[in-house]
Amino acid sequence: DTGVSQDPRHKITKRGQNVTFRCDPISEHNRLYWYRQTLGQGPEFLTYFQNEAQLEKSRLLSDRFSAERPKGSFSTLEIQRTEQGDSAMYLCASSLMENTEAFFGQGTRLTVV
Amino acid sequence: AQTVTQSQPEMSVQEAETVTLSCTYDTSENNYYLFWYKQPPSRQMILVIRQEAYKQQNATENRFSVNFQKAAKSFSLKISDSQLGDTAMYFCASGDSNSGYALNFGKGTSLLVTP
């Protein structure tokens with residue numbers, strides 16, 4: 001399968017723990033986006049990369065959140081000192097160029113208990 | 001900043017009938033794109049249709065078409081000959097160069113297609 005892949009699909013963690021999610025975009029896609037989706041809401045933009053460069057971060061991305069895309073391939077999203085409010089679906093999307101179709105992964109569902 | 005509003009939280013339609021989902025948006029940009037995404041119960045978002053704001057002609061993809069009213073900032077989705085597999089959440093979204101074409105989504109409309 002050559003679609004966007006996210007790992008893990010589900011993560012349950014205790015409040016205060018750190019978690020890391022991984023996203024593998026479609027090969028050769030330069031753009032990679034992270035979104036967060038809570039129940040009953042549309043996805044909200046968190047951050048995006050052009051190759052390895054992180055070009056924009058939303059105000060939603062507090063200092064507990066960090067994202068990387070080493071070598072412009074896969075990306076990781078880390079949340080430190082998780083809070084119950086971090087519980088959500090974290091979606092990754094990639095696109096070939098800046099204004100082309102974005103393909104989404106199936107998401108990582110995070111539950112903080 | 002762009003805002004996208006979907007005023008219909010839930011809709012239902014009978015199989016083979018036509019349904020229209022509403023979306024309005026607000027932007028100060030001249031160059032932007034509008035999208036409808038479908039999110040089936042399996043949760044993976046799929047692009048349904050896309051419209052470039054500079055194009056006057058409404059986009060069409062098989063049974064899906066849009067009514068793009070630029071002056072009114074309206075972007076509705078029409079699904080013709082509805083099928084059971086169309087049951088999903090539908091999200092309207094916008095993107096522009098200012099935000100790196102990161103998508104700004106509405107809250108979604110849950111569409112149920114009944115036999």
Side-chain angles (χ1 to χ4, degrees), chain A residues 1-6 8-10 23 25-26 29-51 53-61 67 69 75 88-110, chain B residues 1-10 21-25 29-55 59 61 75 77 88-111:
Chain A
D1 181 43
T2 56
V4 178
S5 176
Q6 292 189 246
R9 294 288 307 280
H10 303 274
C23 171
I26 293 173
H29 275 197
N30 296 321
R31 285 280 172 117
L32 187 147
Y33 301 86
W34 284 99
Y35 295 87
R36 181 174 70 186
Q37 186 178 22
T38 53
L39 205 59
Q41 302 293 320
E44 296 171 295
F45 167 72
L46 292 178
T47 187
Y48 85 89
F49 293 83
Q50 170 74 28
N51 298 314
Q54 187 174 19
L55 296 187
E56 186 166 338
K57 293 190 288 186
S58 160
R59 284 172 294 178
L60 293 174
L61 214 66
R69 193 183 182 197
S75 176
M89 177 76 83
Y90 290 83
L91 298 171
C92 176
S94 71
S95 64
L96 184 61
M97 295 184 297
E98 59 180 11
N99 61 349
T100 57
E101 178 182 351
F103 293 83
F104 282 79
Q106 290 193 295
T108 294
R109 178 165 293 286
L110 172 67
Chain B
Q2 296 194 355
T3 58
V4 176
T5 303
Q6 294 180 251
S7 58
Q8 305 153 314
E10 296 179 347
L21 308 183
S22 301
C23 172
T24 57
Y25 63 93
E29 299 297 321
N30 288 321
N31 186 21
Y32 57 91
Y33 294 76
L34 298 167
F35 308 84
W36 278 98
Y37 275 86
K38 170 185 177 181
Q39 191 175 40
S42 67
R43 308 288 289 187
Q44 187 164 20
M45 203 85 71
I46 303 165
L47 179 65
V48 174
I49 199 165
R50 149 193 166 126
Q51 174 84 42
E52 290 87 346
Y54 63 86
K55 289 188 178 178
E61 286 288 341
F75 183 63
L77 174 69
M89 282 292 292
Y90 286 81
F91 292 97
C92 180
S94 65
D96 63 67
S97 58
N98 239 10
S99 61
Y101 297 95
L103 298 173
N104 190 31
F105 287 88
K107 289 189 175 183
T109 296
S110 177
L111 177 67

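All chains are named by letter (A, B, ...) in the order of the sequence lines, taking the proteins before the strands, and each is independently numbered beginning at 1. These numbers come from a predicted model, not from an experiment.
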Please check: side-chain N/O of A:Asn30 versus main-chain N/O of A:Leu96, any donor-acceptor pairing under 3.5 Å? yes

Can you measure from OG (A:Ser58) to OH (A:Tyr48) and round to the nearest 0.5 angstrom? 13.0 Å

Against chain B, label A:Glu101 side chain, backbone, both or neither, depending on which of its atoms sit under 4.5 Å from a heavy atom there. both

Check A:Gly105 against A:Leu91 and note the closest heavy-atom contact, atom names and distance. O-CD2, 4.1 Å

Side chain, backbone, both or neither of B:Gln39 within contact of chain A (heavy atoms, under 4.5 Å): side chain

Output the distance between atom OH (B:Tyr101) and atom CZ (A:Arg31), rounded to the nearest 0.5 Å. 8.5 Å

With a 4.5 angstrom heavy-atom cut-off, which part of A:Tyr35 approaches chain B: side chain, backbone, both or neither? side chain

Against chain A, work out which of B:Cys92, B:Gly108, B:Ser110, B:Ala102 has the most heavy-atom pairs shorter than 4.5 Å and name it. B:Ala102

Identify which part of A:Glu44 has an atom lying under 4.5 Å from any heavy atom of chain B, answering side chain, backbone, both or neither. neither

Measuring heavy-atom distances to chain B, does A:Ala102 have an atom under 4.5 Å in its side chain, in its backbone, in both, or in neither? both

Where on B:Tyr37 is there a heavy atom nearer than 4.5 Å to chain A: the side chain, the backbone, both, or neither? side chain

Answer with yes or no whether the side chains of A:Thr47 and A:Gln54 bring together a donor and an acceptor at under 3.5 Å. yes

Which residue out of A:Pro43, A:Gly42, A:Gly107 racks up the most heavy-atom pairs below 4.5 Å with chain B? A:Pro43

Counting N and O atoms only, with roles assigned by atom type, does the side chain of B:Gln44 sit under 3.5 Å from a partner on the main chain of A:Phe104, one being a donor and the other an acceptor? yes

